[in-house]
Amino acid sequence: LSPTVNFALRISFYCALCLVVSALAAVACLLVNGGRTVKNMRIIKAFVKTFKYFFGLRFEVKGLENFKVEGPALIVSNHQSILDMMGLMEVLPDNCVQVGKKELMYMGSVGLIMYLGGVIFINRKSTSSAKMVMSEVAKTMVTENTKVWVYPEGTRNCTGDLLPFKKGAFHLAVQAQVPVIPVVYSSFTTFYNPKTKLFTSGKIKVEILPPIETKGLTSDDVTDLSDRCFSTMRETLFRLSGHPGEAKDSS
Ligand SMILES: CCCCCCCC/C=C\CCCCCCCC(=O)SCCNC(=O)CCNC(=O)[C@H](O)C(C)(C)COP(=O)(O)OP(=O)(O)OC[C@H]1O[C@@H](n2cnc3c(N)ncnc32)[C@H](O)[C@@H]1OP(=O)(O)O
Ligand SMILES: CCCCCCCCCCCCCC(=O)OC[C@@H](O)COP(=O)(O)O
């Protein structure tokens, strides 16, 4: 098979798997929990965690203990591809919902399963409405004791580097006065590259970094907080990916 055909087949299979399994998971969620609730994430996670075996992907996870903070927290991670849903579900802590673009709601059964899992949908084209939704989340995450997962790059980026961060995630953490927990996935470029039609088996290193406290910070500190997360995450990304010229992972 030519690489292009192979790539197209594997991506189509991934999408088909997501659509079919979402439909099954939606039935399970409705039977067990009856509607939209973060409790459904446990069911979704159990289904999605099997996907890696179909694609020969392995995850090596470090720092899971950093999720064990008391109470709510904001999790930020790098976003490379639609394949990230596998890496997300590999480590997702209990009581954690994600922020996603509202267009995802219209992806059939995949949109339905996201809705049932409690995903917070935002309109990226309207900063004011996205801010309003996220301010509301800052309140509910505290009263309902949930963690929130945001991709602060705001879009997929498979270059092996980070895009500049959007500020919303860090405003959210400061408004809710909850710690920020950065999570970094090593670069997919060695096994996945949509430009060159590469999609083989591979290993993904995941590191959950220590929480960064936000108690006492105000909106004036958001830029600093964002910059600090960006530099630690970028360093970690390069270390985990063994970038040429960058610090290699010694382990
Ligand atoms: C069973 C099988 C199933 C199979 C399938 C799997 C299913 C699994 C189920 C479930 C998993 C679900 C997984 C979902 C995954 C989804 C992934 C995505 O969709 S990624 C795209 C959306 N995510 C974001 O975009 C990030 C959040 N974005 C932001 O936070 C932005 O900041 C946003 C939208 C709020 C505004 O974006 P701006 O483009 O306008 O840029 P800015 O620079 O950040 O903001 C402009 C100004 O507004 C201020 N600002 C932003 N937020 C503020 C706030 N809350 N309060 C006050 N000021 C704020 C900023 O400080 C900035 O001002 P100054 O330049 O600093 O002066
Ligand atoms: C009706 C056709 C449905 C096709 C089913 C596709 C199944 C793939 C499901 C994986 C969930 C993907 C979530 C995700 O990773 O979304 C990417 C966006 O957040 C980032 O936005 P952007 O488009 O990169 O700006």
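Just so you know, these numbers come straight off a predicted model, no measurement behind them. Both counts, for ligands and for their atoms, begin at 1 and track the order of listing.
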**Request:** Report the part of Q80 in contact with ligand 2, treating N, CA, C, O as backbone and CB onward as side chain, heavy atoms under 4.0 Å; options are side chain, backbone, both, neither.
**Result:** neither
**Request:** Check each atom of ligand 1 against the heavy atoms of A25 and keep those under 4.0 Å away; list them by number with element.
**Result:** 1 (C)
**Asked** Does P152 come within less than 4.0 Å of ligand 1, judged by its heavy atoms?
**Response** no
**Prompt:** Counting N and O atoms only, with roles assigned by atom type, does the side chain of R10 sit under 3.5 Å from a partner on the main chain of F199, one being a donor and the other an acceptor?
**Reply:** yes
**Asked** Quick one: does ligand 1 sit under 4.0 Å from the side chain of T155, the backbone, both or neither, non-hydrogen atoms only?
**Response** neither
**Request:** Say whether, by atom type as modelled, one donor and one acceptor occur between the side chain of Q80 and the main chain of T159 under 3.5 angstrom.
**Result:** no
**Heavy-atom gap R124 to ligand 2 smaller than 4.0 Å** = yes
**Message:** Below 4.0 Å, non-hydrogen atoms only: which portion of R156 touches ligand 2? Side chain, backbone, both or neither.
**Reply:** both
**Message:** Tell me whether S135 has any N or O atom under 3.5 angstrom from an N or O of ligand 1.
**Reply:** no
**Message:** For F55 and Y14, take the angle between the two ring planes, folded into 0 to 90°, and tell me which bin it lands in: parallel under 30, tilted 30 to 60, perpendicular over 60.
**Reply:** perpendicular
**Request:** Any atoms of ligand 1 less than 4.0 Å from a non-hydrogen atom of V99? List them with their elements.
**Result:** 16 (C)
**Request:** Quick one: look at V150 and ligand 1, take heavy-atom pairs under 4.0 Å, and tell me if it's side chain, backbone, both or neither.
**Result:** side chain
**Request:** Identify which of T155, I113, L19 has a heavy atom lying nearest to atom 3 (C) of ligand 2.
**Result:** L19
**Asked** Does the protein put any heavy atom within less than 4.0 Å of atom 48 (O) of ligand 1?
**Response** yes
**Request:** State, with a plain yes or no, whether a side-chain heavy atom of T155 is found less than 4.5 Å away from one of H79.
**Result:** no
**Prompt:** So F13 and F54, would you call those rings parallel, tilted or perpendicular, with 30° and 60° as cut-offs?
**Reply:** perpendicular
**Prompt:** For atom 62 (C) of ligand 1, which protein heavy atom lies nearest, and how many Å away is it?
**Reply:** K167 CG, 4.4 Å
**Item:** Under 4.0 Å to a heavy atom of V48 - the qualifying atoms of ligand 1, by number
**Value:** 1 (C), 2 (C), 3 (C)
**Fill in**
Atoms of ligand 2 under 4.0 Å from any heavy atom of M114, numbered from 1 in the order shown, are 11 (C)
**Asked** Which atoms from ligand 1 have a heavy atom of V119 less than 4.0 Å away?
**Response** 10 (C), 12 (C)
**Message:** For atom 25 (O) of ligand 1, is there a protein heavy atom at a distance under 4.0 Å?
**Reply:** yes
**Message:** Keeping D84 on the side-chain end and S81 on the backbone end, is there a donor-acceptor pair under 3.5 Å?
**Reply:** yes
**Item:** L104 touching ligand 2 at heavy-atom level, < 4.0 angstrom
**Value:** yes
**Prompt:** How far is atom 56 (N) of ligand 1 from its nearest protein heavy atom, and which residue and atom name does that atom have?
**Reply:** Q175 NE2, 3.5 Å
**Prompt:** Going by heavy atoms, is R156 under 4.0 Å from ligand 1?
**Reply:** no
**Item:** Where P93 and C96 come nearest, the two heavy atoms and their spacing
**Value:** O-CB, 3.5 Å
**Asked** At what distance is the nearest protein heavy atom to atom 8 (C) of ligand 1, and which residue and atom is it?
**Response** M89 CE, 3.6 Å
**Request:** Quick one: do K45 and E90 satisfy salt bridge (Lys or Arg N to Asp or Glu O under 4.0 Å)? Show the steps, please.
**Result:** CA-CA 7 Å; K45 183 174 166 172; E90 198 61 29; over 6 Å; no
**Asked** Parallel, tilted or perpendicular: which fits the ring planes of Y192 and F188, with parallel below 30° and perpendicular above 60°?
**Response** perpendicular
**Message:** With a 3.5 Å distance limit and no angle check, can you tell me whether N193 reaches the backbone of L198 through a side-chain donor-acceptor pair?
**Reply:** no
**Message:** Looking only at protein heavy atoms, which one is nearest to atom 21 (C) of ligand 1, and what is the separation?
**Reply:** G154 O, 3.3 Å
**Prompt:** Which atoms of ligand 1 are found less than 4.0 Å from any heavy atom of R124?
**Reply:** 21 (C), 22 (C), 25 (O)
**Complete:** Note: K101, heavy atoms under 4.0 Å from ligand 1, region reported as both
**Message:** At under 4.0 Å between heavy atoms, is it the side chain or the backbone of S219 that contacts ligand 1, or both, or neither?
**Reply:** neither
**Contact summary for N145 and G71, nearest pair of heavy atoms** = OD1-CA, 3.1 Å
**Fill in**
Here the pair of heavy atoms bringing I212 nearest to P182 is CD1-CG, 4.2 Å
**Prompt:** Which ligand 1 atoms, with their elements, are less than 4.0 angstrom from a heavy-atom of L104?
**Reply:** 16 (C), 19 (O)
**Prompt:** When you look for heavy atoms under 4.0 Å from ligand 1, do you find them on the side chain of M134, its backbone, both, or neither?
**Reply:** side chain
**Prompt:** Is any heavy atom of the protein nearer than 4.0 Å to atom 40 (O) of ligand 1?
**Reply:** yes
**Message:** Can you name the atoms of ligand 2, numbered from 1 with element, that are less than 4.0 Å from a heavy atom of K101?
**Reply:** 18 (C), 21 (O), 22 (P), 23 (O)
**Request:** Taking all heavy atoms of A176 and all of M141, pick out the closest pair and write down the distance.
**Result:** CB-SD, 4.0 Å
**Request:** Begin with the C-alpha distance, continue with both residues' side-chain angles, and end with the deciding distance and a verdict on salt bridge (Lys or Arg N to Asp or Glu O under 4.0 Å) for K203 and E60.
**Result:** CA-CA 7 Å; K203 184 172 92 174; E60 193 182 286; 2.9 Å; yes
**Request:** Report yes if some heavy atom in the side chain of Y185 is under 4.5 Å from a heavy atom in the side chain of V91; otherwise report no.
**Result:** yes
**Request:** Please write down residue, atom name and distance for the protein heavy atom closest to atom 46 (C) of ligand 1.
**Result:** T127 CG2, 4.1 Å
**Min heavy-atom dist L88 to ligand 1 below 4.0 Å** = yes
**Item:** Which residue and heavy atom of the protein sit nearest atom 4 (C) of ligand 1, plus the separation
**Value:** S22 OG, 3.6 Å
**Message:** Looking at D221 and L217, would you say the former's side chain and the latter's main chain have a donor-acceptor pair under 3.5 Å?
**Reply:** no
**Message:** Only heavy atoms of A169, strictly under 4.0 Å: list the atoms of ligand 1 that pass.
**Reply:** 30 (O)
**Request:** Write down the atom of N40, the atom of L116, and the distance for their closest heavy-atom approach.
**Result:** ND2-O, 2.9 Å
**Message:** Between ligand 1 and G117, can you find any atom pair, the residue atom being a heavy atom, that is separated by under 4.0 Å?
**Reply:** no
**Request:** Indicate yes or no for a side-chain donor-acceptor contact from E235 to the backbone of T232 under 3.5 Å, with no hydrogens or angles considered.
**Result:** no
**Prompt:** atom 55 (N) of ligand 1: which protein heavy atom is closest, and how many Å away?
**Reply:** H171 CB, 3.5 Å
**Prompt:** Protein heavy atom under 4.0 angstrom of atom 1 (C) of ligand 1, is there one?
**Reply:** yes
**K125/E103 salt bridge by N-O under 4.0 Å criterion** = yes
**Asked** When you measure from the side chain of S126 to the backbone N and O of N123, does any donor-acceptor pair fall under 3.5 Å?
**Response** no
**Prompt:** Hey, looking at atom 10 (C) of ligand 1, which of M107, K49, K125, Q98 has the closest heavy atom?
**Reply:** Q98
**Request:** Examine Y151 against ligand 1 and note whether any of their N/O atoms are separated by less than 3.5 Å.
**Result:** no
**Item:** For A130, the ligand 1 atoms whose distance to one of its heavy atoms is below 4.0 Å
**Value:** 34 (C), 35 (C)
**Message:** Ignoring hydrogens, what is the shortest heavy-atom contact between S219 and V174? Give both atom names and the distance.
**Reply:** N-CG1, 4.1 Å
**Asked** Which ligand 2 atoms, with their elements, are less than 4.0 angstrom from a heavy-atom of H79?
**Response** 15 (O), 17 (C), 18 (C), 19 (O), 20 (C)
**Request:** For ligand 1, indicate whether the residue V222 contacts it via side chain, backbone, both or neither (heavy-atom separation under 4.0 Å).
**Result:** neither
**Nearest non-hydrogen protein atom, atom 28 (N) of ligand 1** = I122 CD1, 4.0 Å
